[in-house]
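Reviewing the structure listed below.
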2 protein chains.
Amino acid sequence: MIELSRRAGIVDVAKKAGVSIATVSRVFNNTSYVSEDLVEKVIAAASSLGYKPNRVAQSLRKGRSRTIGFLVPDIVNPFFSSIVEGANRILYDTDYVSVVCSSSGDAEREGGLLETLYSSGIDGLVTVLLKEYDRHIDYVRLRGVPVVIVDDVVEEKKLSCVASDNYDGMKRLVEFLLNTGHKTFTFLGGSPETYSGKQRMRAFLDALKGKPGVRTEVISGEYTFESGFRMTDLLRKIPQAVVCGNDLIAFGAIYRLKEKGFDIPGDVSVTGFDDVVFSKMSDPPLTTARQDPYLMGEVAAKSILEKLDGNGSDGNILLHTELVIRRSTRGR
Amino acid sequence: MIELSRRAGIVDVAKKAGVSIATVSRVFNNTSYVSEDLVEKVIAAASSLGYKPNRVAQSLRKGRSRTIGFLVPDIVNPFFSSIVEGANRILYDTDYVSVVCSSSGDAEREGGLLETLYSSGIDGLVTVLLKEYDRHIDYVRLRGVPVVIVDDVVEEKKLSCVASDNYDGMKRLVEFLLNTGHKTFTFLGGSPETYSGKQRMRAFLDALKGKPGVRTEVISGEYTFESGFRMTDLLRKIPQAVVCGNDLIAFGAIYRLKEKGFDIPGDVSVTGFDDVVFSKMSDPPLTTARQDPYLMGEVAAKSILEKLDGNGSDGNILLHTELVIRRSTRGR
DNA sequence: CTGTTAGCGCATTCAA
DNA sequence: TTGAATGCGCTAACAG
């Protein structure tokens, strides 16, 4: 096969159409009127050469790239990728395109990726951060680039955050358990250093504080199946309700509890948090608090778009969660 | 808060350090020797200004960007995102960075994204395509940009593909079922228009063809839980083995079968394909054929890197699958 | 060893 | 309405 020729540029098109490069540029950006026949000639020349404007050159020249950067801790985790997907749904109706990077859970990489993204000329950034928000990371470095942080809430002006109301969701979940007659509770928490971890644990404690006849225990681990499994082995006495930091922990707990011969919810109720796709398929289907990562992404994208339009309001947005009562908790 | 000044450029650094921009460029690319004291001055000036080279300008000038583009049909599907993550693990040790796009299952968008990616100056592309491979899409358009296609096999020179050996995996799965005494089989297939769908169905049929006393039935749907659920309702008579196109279908089938009062694997064995994370947590844990999307990504990345180094071999790579026997199939 | 200069491909002044 | 010229920020000759 013959070596392919180099990509056609604006000068090739101009030459072939017998016009100046300015004219070519004008028809592609329709930035001012161009006579009918010249338009035709340019279009013809361009398509015969397979010409597409070079986005790199455009970015350099214009100072913006029509790209929104995304940085997430783990692209494989559907929670994070759903945020990106939600944003995509909004961006699809615009001429922005998204580029996403994953730090793969590596905090070291996060800073570098942020730099790279920024110096790649992104027009906006939506990110969920691994580490706690570090003002240096985006305030100093991302000069002028609008940023929205997802799944975290930082009180800092000139910054927007969108997150679920983890506190409210967990509180209502525990209150439901209380209303259905549960008296002894164990919290199998995940990652207490994260925003969501903190909020959920605090809500659990607050909901139960001072309730007569209620016994409470807290164990902390990670947001994984394995961690749920292991934490279950740490239980001294099986409580009436095992309240888990998220669905994965709940799956681990359920798995281990069943192995040990307990019936769910006959002997013990188990709850999760998130409502991942699998929660409806588990046995028994999981009672949980649903948060909507797609919506979080949509809201984040809209927020970025507004900021890009100039009329962007900073501040934080808390999204409601929805209680999903399934069969992993007993009714009464 | 005071409006942040514009980003520092190479001239700012040169000015502040009292050197020429060429010298600044040299220390940042260490492309030739620069005297100690000038290096120091440049470093000092650069860091005090927070200077980082503008990747857009670099790309335009050098004609390469040190980025690898990824295009996947659905970023939320862990199978696809794991491919990206696997590739990242390889790329992490290089100075390449990956940018990923998702077509969100929209074939229309796929072509546009490909264009965008290409004109954004990516140095290489790894993609799993929604539609069947269209030679126009990357051969004509991605002139000179190395491409590797994942989860599909196309016989086309100057192209590399990496995929699992779906045929072999499914065949061994069915043979295992045969060896454990199953006689009646139903295949609950997914997306027969995809490469994997075709291979798996063909393997199922081939494995059973001409076996004495074996009865076979094929139903086709999609690679989803809901589809598995619905296809199960289409079963006229419950077979001894329900062989599913992937794990999700199997989960749907198991769910529905249990609802109908069947015991798994007492009354009916069920198998999947993929071994998604959830397969070990399901009840019962799922017998399946494991494919390793991380590995696929690693292999794809290595292949791209080789092509970029000049010594790239084209051709296809088939990865082995591993039978994972769990408790959704009866032993004998 | 260091500085000057010419583009990379394009959008956008400014003239005509 | 169109073209010529300038420069976005940077690297790579080419001189010195």
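So you know, we letter chains A, B, ... as the sequences are listed, proteins then strands, and number each from 1.
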Quick one: label [X] by what it contacts on the DNA or RNA (base, sugar-phosphate, nothing), any heavy atom closer than 4.0 Å.
| X | result |
| --- | --- |
| Ser25(A) | base |
| Val56(A) | nothing |
| Val19(B) | sugar-phosphate |
| Gly63(B) | nothing |
| Tyr51(B) | sugar-phosphate |
| Val34(B) | sugar-phosphate |
| Ile21(A) | base |

Verify the contact: side-chain N or O of [X] to OP1 or OP2 of [N], cut-off strictly under 4.0 Å; return yes or no.
| X | N | result |
| --- | --- | --- |
| Ser59(B) | dC10(D) | no |
| Gln58(A) | dA11(C) | yes |
| Asn29(A) | dA11(C) | yes |
| Thr23(A) | dT2(D) | no |

Strictly below 4.0 Å, N to O, side chains only: are Asp95(A) and Arg66(A) in salt-bridge contact?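 The answer is yes: the pair qualifies as a salt bridge.
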
Tell me the interatomic distance from [X], atom [atom1], to [N], atom [atom2], rounded to whole angstroms.
| X | N | atom1 | atom2 | answer |
| --- | --- | --- | --- | --- |
| Asn30(B) | dT2(C) | CG | P | 14 Å |
| Arg61(A) | dA11(C) | CZ | C1' | 4 Å |
| Glu36(B) | dT2(C) | CD | P | 10 Å |
| Phe28(A) | dG9(C) | CZ | P | 16 Å |
| Arg64(B) | dC10(D) | CZ | P | 16 Å |
| Lys62(A) | dG7(D) | NZ | C1' | 16 Å |
| Lys41(B) | dT2(C) | NZ | C1' | 12 Å |
| Leu38(A) | dT1(D) | CG | P | 11 Å |

Between [options], spot the one nearest the side chain of [X], thanks.
| X | options | result |
| --- | --- | --- |
| Ala22(B) | dT2(D), dC10(D), dA12(D) | dA12(D) |
| Leu60(A) | dT2(C), dA4(D), dG9(C) | dG9(C) |
| Ile10(A) | dC10(C), dG3(D), dG9(D) | dC10(C) |
| Ser20(A) | dA4(D), dC10(D), dG9(C) | dA4(D) |

At their closest point, which heavy atom of Gly69(B) faces which heavy atom of Leu117(B), and how far apart are they?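 Looking at all heavy atoms of both residues, the closest pair is CA-CG, 4.4 Å.
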
Between Thr67(B) and Arg55(B), what is the shortest heavy-atom contact and its length?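 That closest heavy-atom pairing would be CG2-NH2, 3.4 Å.
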
Stepwise side-chain hydrogen bond (donor to acceptor under 3.5 Å, both in side chains) test for Ser119(A) and Asn54(B): CA-CA 5 Å; Ser119(A) 78; Asn54(B) 181 325; over 6 Å; no

Cation-pi check, Arg7(B) onto Tyr118(A) ring (under 6.0 Å, within 45° of axis):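 Pair Arg7(B)/Tyr118(A) counts as cation-pi.
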
Has the side chain of Arg26(B) got a donor or acceptor that lies under 3.5 Å from a partner of the other kind on the base of dG3(C)?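 For Arg26(B), whose side chain was compared with the base of dG3(C), there is a donor-acceptor pair (under 3.5 Å).
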
With side chains defined as the heavy atoms from C-beta onward, is the minimum distance between Leu91(A) and Ile304(A) less than 4.5 Å?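 Result no, sub-4.5 Å side-chain heavy-atom pair not found.
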
